[in-house]
Amino acid sequence: MARLAREFFARDTLTVARDLLGRVLVRLLDGQRLSGRIVEVEAYIGEDDLASHARCGRTERNAAMFGPPGHAYVYFIYGVHHCLNLVTEREGFPAAVLLRALQPLEGIERMRTLRGGLPDHQLTSGPGRLCQALALDRQFDRADLCAPDSLLFVEEGRPVDDANVVVGPRIGVRGDLAAISAPWRFLVRVNGENARPSQSARR
DNA sequence: GGATCGATCGGCT
DNA sequence: GCCGATCGATCCG
């Protein structure tokens, strides 16, 4: 299966976010493939997006968002969790897509171990959960997903048609009305489930 | 099913 | 010193 090239990420962030649904995120861990189908994402676009970490300008922490497309932006939050973003658009413009949920495909046993034996439906359904399931931490911040020897990349998978995509406001965003109401969350409807445009991305 | 709360680190309005 | 692009436990119904 072919890997997504840099041109895929070097587009409008909403286009990339929508197009990432159905693609396959692959993590090579000790030579083993851990992978999952991308089923929920959110876009964070520019310094004017008051929900984005880039809203206060460039810092050491968010530098990856300002970097070239096709790289990872991994941050540590609440003293507990890591979250994975894929950087989009052009270098110098801070934008990225947060991966919020995967459908596990390969290496599920290993993911169960990494997740501490929690129920399977909680393996990769959440930005913090999927990072733990794939053993992703800040070592992957600024990693190039398009480098030939990368341990993290995205494969073409099977794109999702519009009939199976739900769009809605982003989760966990507070404060600014424009940021709260922007319909920049995309998720795949799976067997009629997961079709909740606003609250409770869980389960 | 839903609401609430504590954990616990690092970066900074 | 404060608080976050979250999670999981716990309580309530």
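Bear in mind that the values here come from a model prediction, so they are computed numbers and not experimental data. A note on names: the letters A, B, ... follow the listed sequences, proteins ahead of strands, and every chain is numbered from 1.
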**Report entry** A/R23 side chain reached by A/R3 side chain, heavy atoms, under 4.5 Å
**Finding:** no
**Report entry** Strand DNA chain C as a dot-bracket string - pairs counted if Watson-Crick or G-U with both distances under 3.5 Å, | where the partner lies in another strand
**Finding:** ||||.|||||||.
Report summary line: Contacts satisfying side chain to side chain donor-acceptor pair (under 3.5 Å) that involve residues 153-168 of chain A (not counting sequence neighbours) are A/R18-A/D162, A/R33-A/E155, A/D161-A/N164
Query raised in the report: Is there side-chain contact between A/F8 and A/V154, with heavy atoms separated by less than 4.5 Å?
Result: no
Requested in this report: Round to the nearest Å and state the distance from A/L99 atom CG to C/dA5 atom C1'.
Outcome: 12 Å
Report task. For A/L130 and C/dA5, give me the distance from atom CG to atom P, rounded to whole Å. Result -> 16 Å
Query - Nearest-nucleotide pick for A/R174, side chain only, options being C/dC7, C/dA5, C/dG4 - result: C/dG4
Query - Interatomic distance, A/R170 CZ vs C/dG4 C1' [rounded to whole Å] - result: 15 Å
Query raised in the report: Is the closest basic N to carboxylate O distance between A/D176 and A/R55 below 4.0 Å?
Result: no
Query raised in the report: What's the closest nucleotide to the A/R129 side chain, out of C/dG4, B/dT8, C/dC7?
Result: C/dC7
Requested in this report: To the nearest 0.5 Å, tell me how far A/E60 CD sits from A/N62 CG.
Outcome: 9.0 Å
Query raised in the report: For A/H82 and B/dA7, what is the distance between atoms NE2 and C1' respectively, to the nearest whole Å?
Result: 15 Å
Would you tabulate the pairs of protein nitrogen or oxygen atoms and nucleotide nitrogen or oxygen atoms of nucleotides 10-13 of chain B closer than 3.5 angstrom?
from: B/dC12; atom 1: OP1; to: A/T59; atom 2: OG1; distance (Å): 2.2

Query raised in the report: Looking at DNA chain B, which of residues 42-53 of chain A put a heavy atom within less than 4.0 Å of it?
Result: none
Query raised in the report: Over how many whole Å does the gap from A/I77 atom CD1 to B/dA7 atom C1' extend?
Result: 13 Å
Query - Which residues share a ring-ring contact (aromatic ring centres under 6.0 Å, His included) with A/Y75, sequence neighbours left out - result: A/H53, A/Y73
Report task. Supply the atom-to-atom distance A/L86 CG to A/H71 NE2, rounded to the nearest 0.5 angstrom. Result -> 11.5 Å
Query - Those residues that, when tested against A/A5, pass side-chain contact (heavy atoms from CB on, under 4.5 Å) (two or more places apart) - result: A/E7
Report summary line: Which of A/R112, A/M111, A/R115 passes side chain to side chain contact (heavy atoms under 4.5 Å, CB included) with A/D120? It is A/R112
Query - Phosphate OP1/OP2 of C/dT6 contacted by A/R100 side-chain N/O (<4.0 Å) - result: yes
**Report entry** Exercise: do A/D12 and A/T15 side chains pair donor with acceptor under 3.5 Å
**Finding:** yes
Requested in this report: Starting from C1' on C/dC7, measure out to CG on A/L123 and report it in whole angstrom.
Outcome: 14 Å
**Report entry** Side-chain heavy-atom pair A/F140, A/L84 within 4.5 angstrom cut-off
**Finding:** no
Report task. Specify the separation, in whole Å, of atom NE2 of A/H81 and atom P of C/dA5. Result -> 13 Å
